[in-house]
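All residue numbers refer to positions in the sequence shown, counting from 1. Counting convention: from 1, in listed order, for ligands and their atoms alike. Only heavy atoms go into these numbers, but all of them, side chains included; no hydrogens, no water, no symmetry mates.
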Amino acid sequence: MKIAIIGTGYVGLPSGVGFAELGNEVVCIDKDADKIEALQNGKITLFEEGIDELFAKNTKSGRLRFTTSMKEGVEGADVVVLAVGTPPHPVTKAADLKYIYAAALELAEYLTGYTVVATKSTVPVGTGDDIETLISQKNPFADFDVVSLPEFLREGFAVHDFFHPDRIVVGANTEKAKEKIKELYKPFEGQTKMLFVKRRSSETIKYASNAFLAIKIHYINEMANFCEKAGADISEVAQGMGLDNRIGAKFLNPGPGYGGSCFPKDTMAMSYMARQNGVEMSLINAAISGNAQRKKEMAQRILEMVKGIDNPKIAVLGLAFKNGTDDCRESPALEIVEELISPKVQIVAYDPKAMGVACRLLGNKIEYADSMYQAAQGADVVALLTEWDEFRTLDLEQLSAIMQHKKIVDCRNLLNKAEVVAKGFEYQGIGK
Ligand code: NAD
């Protein structure tokens with residue numbers, strides 16, 4: 001099949017690489033000329049485990065190409081995938097659909113033959129109808145269907161998740177479109193559950209899923225607060241809860257709050273959509289406000305640790321919103337760092353993969369180190385903010401020797417409290 005992917009970011013690029021690896025002819029389109037130039041020159045524009053190899057293989061074979069030209073990518077395509085951003089609207093916090101609508105209008109004139117326009121971007125219920133109207137108005141002769149094809153990949157595991165999806169949800173209102181998407185996902189037949197639903201249901205499934213996961217994180221964070229006061233241990237509590245299949249063990253790790261490019265914006269968009277439809281979603285609203293408060297509380301914990309120390313130095317380990325990615329959008333780590341910044345506090349940060357991205361966002365508001373030990377040199381407290389495996393291997397002897405004060409705030413419960421305390425550190429984890 002010939003596939004055009006519009007938007008070559010954290011969703012578009014792994015999807016493009018994946019579809020090419022399955023044997024399709026893929027053209028990835030982006031309006032960011034620098035990004036496309038880098039990709040044309042063989043330079044990957046984001047960090048994802050395992051993407052480099054497949055990218056190199058498929059660009060070499062000619063199955064995967066990159067362009068800024070909508071015409072070049074869309075003409076002759078069987079499926080056009082929309083993977084542009086849907087960030088929060090600056091005022092309403094609803095999903096801002098300006099990129100989606102622009103892309104729909106731009107692609108319309110290049111549709112040739114029967115084409116399925118599949119929306120992988122996370123879009124509010126009813127957006128498929130809008131896309132359909134826009135394309136029909138711009139190109140009344142176009143033969144096409146609009147399908148909702150929500151993306152469930154996890155950043156950090158995007159390549160793995162492309163080839164091993166938990167489920168493929170397809171919101172298609174015509175048989176012809178369903179058949180085309182079935183053909184697209186034929187290699188997954190028998191391996192993955194494909195669910196065909198109404199387009200509006202499919203659009204809702206994505207928001208309902210992300211909001212549910214965000215609530216689960218908020219819930220375990222509140223439970224961690226309870227454990228701290230009640231003398232229980234959240235790790236044990238989460239383990240006990242997770243053994244119940246009805247609950248499931250995933251998303252029960254307490255931490256500094258959820259972040260990233262999806263949960264914060266999707267919960268706000270879902271809350272907005274609910275209000276538009278006259279429905280009050282109190283759980284989602286509680287998660288949104290509780291999560292915002294969570295990051296402030298984490299910063300407060302770190303500052304408490306250095307209370308009374310003149311001009312304290314805080315070593316921040318982790319800036320990405322989670323491990324396995326360089327994505328710092330809505331990263332709790334960055335929000336916590338912003339809370340810590342003051343003229344009297346020195347902040348030195350290190351992240352294994354996100355230094356470049358974080359540096360562009362934080363600039364010279366903080367200092368940066370080349371390793372976790374360089375960051376911790378002379379520090380009064382180490383704050384662990386992202387769950388990179390590298391941080392689990394922190395050598396406590398070495399840390400002891402180089403820190404000014406032996407204090408650790410572990411917002412991801414990466415270290416073993418008993419071991420850390422035995423080495424003479426003052427330690428604060430989450431829910432312990
Ligand atoms: P991103 O910002 O990484 O990438 C979007 C890309 O689209 C950018 O490179 C931008 O230049 C490009 N673009 C915008 N308008 C364009 C146009 N008219 N023509 C061509 N290119 C255009 O965003 P992302 O993280 O890949 O997310 C894309 C969508 O997928 C969002 O709706 C998001 O909610 C959803 N989603 C993201 C994830 C994730 O883990 N990042 C997971 C599931 C769903």
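Which of Ser261, Gly9, Cys28 comes nearest to atom 4 (O) of ligand 1 through a heavy atom is settled by distance: it is Gly9. The heavy atom nearest to atom 34 (O) of ligand 1, considering only Glu106, Lys31, Lys265, is found in Lys265. Comparing heavy-atom distances from atom 38 (C) of ligand 1 across Ala102, Cys262, Pro150, Gly156 singles out Cys262 as nearest.
For the pair Glu236 and Lys432, the salt-bridge criterion is not met [side-chain N within less than 4.0 Å of a carboxylate O]. Salt bridge absent: Lys206 and Asp266 never bring a charged side-chain N and a carboxylate O closer than 4.0 Å. One finds a salt bridge joining Glu228 and Arg301 here, because a Lys/Arg side-chain nitrogen approaches an Asp/Glu carboxylate oxygen to under 4.0 Å. Between Lys353 and Asp326, none of the side-chain N atoms (NZ, or NE/NH1/NH2) sits under 4.0 Å from a carboxylate O, so this pair counts as no salt bridge. A salt bridge links Lys295 and Glu335; the closest N-O separation between the charged side-chain nitrogens and carboxylate oxygens is under 4.0 Å. Looking at Glu155 and Lys322, no side-chain N of the basic residue comes within less than 4.0 Å of a carboxylate O on the acidic one, giving no salt bridge. Electrostatic pairing of Lys417 and Asp233 does not count as a salt bridge here, judged by no charged N lying under 4.0 Å from a carboxylate O. We find that Glu72 and Arg65 are joined by a salt bridge, their nearest charged nitrogen and carboxylate oxygen being less than 4.0 Å apart.
Interface of Ile6 with ligand 1, defined as ligand atoms under 4.0 Å from a residue heavy atom, comprises 19 (N), 20 (C). Within the listing of ligand 1, atoms 43 (C), 44 (C) sit less than 4.0 angstrom from a heavy atom of Glu151. Proximity to Val11 (heavy-atom distance under 4.0 Å) selects the following atoms of ligand 1: 26 (O), 30 (O), 36 (N), 37 (C), 38 (C), 39 (C), 42 (C), 44 (C). Atoms of ligand 1 lying under 4.0 Å from at least one heavy atom of Gly85, given by number and element, are 5 (C). Within the listing of ligand 1, atoms 43 (C) sit less than 4.0 angstrom from a heavy atom of Lys206. Interface of Leu153 with ligand 1, defined as ligand atoms under 4.0 Å from a residue heavy atom, comprises 40 (O), 42 (C). The Thr86 neighbourhood of ligand 1 comprises atoms 31 (C), 32 (O), 34 (O), with distances under 4.0 Å to a heavy atom of that residue. If you number the atoms of ligand 1 from 1 as listed, the ones under 4.0 Å from a heavy atom of Ala83 come out as 5 (C), 28 (C).
Asp161 places a side-chain N or O within 3.5 Å of a backbone atom of Arg154 that can act as its donor or acceptor partner.
Taking CD from Glu21 and CG from Leu54, the interatomic distance works out to 5.0 Å, rounded to the nearest 0.5 Å.
Atom 35 (C) of ligand 1 has Thr122 OG1, 3.5 Å as its closest protein atom, hydrogens excluded (heavy atom only). Ranking the protein heavy atoms by distance from atom 7 (O) of ligand 1 puts Gly7 CA, 3.3 Å first. Among protein heavy atoms, the minimum distance from atom 13 (N) of ligand 1 is reached at Val84 CG1, 3.7 Å. What sits closest to atom 3 (O) of ligand 1 on the protein, heavy atoms only, is Tyr10 N, 3.1 Å.
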| message | Go through it in stages, so that I can follow the logic: the residues are Glu330 and Lys265, the test is side chain to side chain contact (heavy atoms under 4.5 Å, CB included), and I'd like the CA-CA distance, side-chain angles, deciding distance and then a yes or no. | response | CA-CA 9 Å; Glu330 301 281 333; Lys265 83 171 172 65; over 6 Å; no

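By the 6.0 Å and 45° rule, Arg167 stacks over the aromatic ring of Phe152.
For a threshold of 3.5 Å applied to N or O pairs, the pair formed by Glu155 and ligand 1 contains at least one separation below that value. Of the polar atoms of Arg329, at least one N or O is found under 3.5 Å from an N or O of ligand 1, judged by distance alone. The shortest N/O to N/O separation between Lys35 and ligand 1 falls below 3.5 Å. In terms of N/O distances under 3.5 Å, ligand 1 is approached by Asp30.
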